[in-house]
Amino acid sequence: MTFHVLISDPLSEEGVYPLRHADGINIVMETNLSEAELAERIDGFDALLVRSQTQVTRELIEKASNLKIIGRAGVGVDNIDLEAATEHGIIVVNAPDGNTNSAAEHTMAMLMGMARKIPQAYNSLKQGKWDRKAYVGVELKNKTLGVVGFGRIGQEVAARAKGQRMNIIAYDPFLTAEKAEKLGVDFGTVEDVLKAADFVTVHTPLLKETKHLINAEAFKVMKDGVQIINCARGGIIDESALYDAVKSGKVAGAALDVFEQEPMVDFRLLELPEIIATPHLGASTFEAQESVAVDVSQDVVSFVKYGTVRNSVNLPSVPKELMKRIEPYFDLAERIGTFLTDLTGETADEVNVYYSGELANLEVGPLTRNMLKGMLKRHLGKHVNDVNAMYIANQKGIHVNEHKSTESRGFTNLITVEVKTQSGTRKASGTLLNGQGARIVKVDDYIVDFLPNGHLLFIRHNDRPGVIGRVGTLLGAEDINIATMQVGRSNAGGDAIMMLSIDKHADPEDLEELKKLEEIESVTAIDL
Ligand SMILES: NC(=O)c1ccc[n+]([C@@H]2O[C@H](COP(=O)([O-])OP(=O)(O)OC[C@H]3O[C@@H](n4cnc5c(N)ncnc54)[C@H](O)[C@@H]3O)[C@@H](O)[C@H]2O)c1
Ligand SMILES: O=C(O)[C@H](O)COP(=O)(O)O
């Protein structure tokens, strides 16, 4: 049975060599298909290989009844509807490392070209002018480069910028003081980075949280004359805010390789002489394209021959028998992970997962991966799933340990997750109650019992008369209805907690009002 592969974006011929010469695999490379033509052709193929140009939408996937694997020859999978692929049982693989170096080098080229106004000077010379006064640049030496997003490419850019004797300050949800020191960079919040930087470069995925991360508010806190680079994803910088910031003189230069809409249609930005641009070329080198094409080709061959892949970004590989016994706990494990990320407001350095009861006799790795997915998804969105969660956690230096005990601890099965963060240790335990679904039954050392879903408030307070009533009164005044309320205390008059589920999201102002109430120690909103 021949395995048919359609390549709809330009992949390196050298890179697809393993595919072209694999038994039983037929390749068609058609890189000029319109969306409609692709939708017509896709049904006849078992695999689709793309870069960033082809939009692999839910509509396209629904037409691809034979599709078994999608290969992304690059990092970003935001042009692929992962949920739709997973729902349709289609494995998605990418090539997370193959173009890192090229993208970092392109970022440095854009940084230096912008600092010395090279494209502008070249265009002027091409028009026959010899104008040396108009293109006075700035040095990089002793200037501060602010890096927002300190993963593979962010770190490679920082290493190169240090070679230019720049000072580096970085922000990344997974960057801690210890890691920053080891990498020889300063670190801080996004605001710290934007305030300190002479040059800002962004290297995050495009997520709900990072869309327009650099907006008008962000430009306000930056230094006058700041210069900014985006070789990551269009949309991280609000292009309309950038236009205004350049016009006002706040931003002295911008170097863009990616755009909110690609191919670019609104060229307004390029009318500004302070802006230089390239058409999404960060990974466009022979070396990078060969590397990423080899990576995805090898995964397709491995999938055809053995049913396994290396760089899956969406599907778990769990034996059917085991899946039947642990699948009911997947959702609980994920919710505990998200609950703890929101409860701590920090990323973990160490995670200990304790399985007690019958679960202790099973391979619980997929449950741990689901819990990690819940823990990481706040910052990595659909880039993390139960297949790559452990890989990403390890990459971020999060130590993950599993512990098992057949001791029942009062429940047939109990999953306890303990996280160690910069601020201390927190934990939560959950179980499945027969016929009532997932429940969280312990938070830190307090016994509770609530559904881990919807809008939750976790309140730490001193055990005094009237505290609970005041909380209820304030929420009522804000028209926030309490669905359930759990209270627990270490001892009479001691530390205590409230765990509330409320009917609508409590906004920051409501939380601030609650924190002002007498005897309230902390208030944390958790939306699961
Ligand atoms: N221009 C190009 O041709 C080109 C080439 C390669 C990669 N890219 C893009 O560059 C980006 C980075 O690629 P990578 O390989 O370094 O990915 P990566 O996953 O190694 O690093 C991304 C980092 O962003 C961090 N992050 C997530 N949300 C954040 C936030 N709100 N604030 C700060 N940091 C946040 C993550 O923790 C992670 O460490 C991706 O979007 C990728 O698609 C573009
Ligand atoms: O996410 C990536 O890998 C880059 O944006 C490269 O995209 P490309 O494969 O379209 O060059």
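For ligands, and for the atoms within them, numbers begin at 1 and follow the listed sequence.
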TODO: For atom 2 (C) of ligand 2, grab the closest protein heavy atom and report residue, atom and distance to one decimal in Å.
DONE: Arg72 NH2, 3.2 Å

Task: Heavy-atom proximity to atom 43 (O) of ligand 1, best of Arg152, Arg233, Gln155, His203 - done: Arg233

- [ ] May I ask whether Lys396 has any heavy atom positioned less than 4.0 angstrom from an atom of ligand 1?
- [x] yes

- [ ] Work out whether the distance between some heavy atom of Leu380 and some atom of ligand 1 is less than 4.0 Å.
- [x] yes

TODO: Could you tell me whether Val148 and ligand 1 have an N or O pair separated by under 3.5 Å?
DONE: no

- [ ] Verify whether one side chain among Arg152 and Asn99 offers a donor that lies under 3.5 Å from an acceptor in the other.
- [x] no

Open item on the list: Using a 4.0 Å heavy-atom cut-off, which part of Ser52 comes near ligand 2: side chain, backbone, both, or neither?
Closed with: both

Open item on the list: Below 4.0 Å, non-hydrogen atoms only: which portion of Ile153 touches ligand 1? Side chain, backbone, both or neither.
Closed with: both

Task: Mode of Val258 contact toward ligand 2 - side chain, backbone, both, neither (heavy atoms, under 4.0 Å) - done: neither

- [ ] Please examine the side chains of Phe219 and Val200, heavy atoms only from C-beta on, and report whether any two atoms are closer than 4.5 Å.
- [x] no

Open item on the list: What protein heavy atom lies closest to atom 5 (O) of ligand 2? Include the residue and the distance to one decimal.
Closed with: His280 NE2, 2.7 Å

Open item on the list: Show the atoms of ligand 1 that are less than 4.0 angstrom away from any heavy atom in His379.
Closed with: 27 (C), 28 (N)

Open item on the list: Test your reading of the structure: does Val190 have an N or O sitting under 3.5 Å from an N or O of ligand 1?
Closed with: no

TODO: Counting heavy atoms only, name the option from Asp172, Asp97, Leu207, Val258 that's nearest to atom 25 (C) of ligand 1.
DONE: Asp172

Task: Where ligand 1 meets Asp257 - atom numbers and elements under 4.0 angstrom, heavy-atom basis - done: 1 (N), 2 (C), 3 (O)

TODO: Please work out which of Asp78, Val75, Thr204, Val157 has its closest non-hydrogen atom nearest to atom 11 (C) of ligand 1.
DONE: Thr204

TODO: Check Gln53 against ligand 2 and report side chain, backbone, both or neither, counting heavy atoms closer than 4.0 Å.
DONE: neither

- [ ] Heavy-atom distances under 4.0 Å are what count here, so tell me which part of Ala103 touches ligand 2: side chain, backbone, both or neither.
- [x] neither

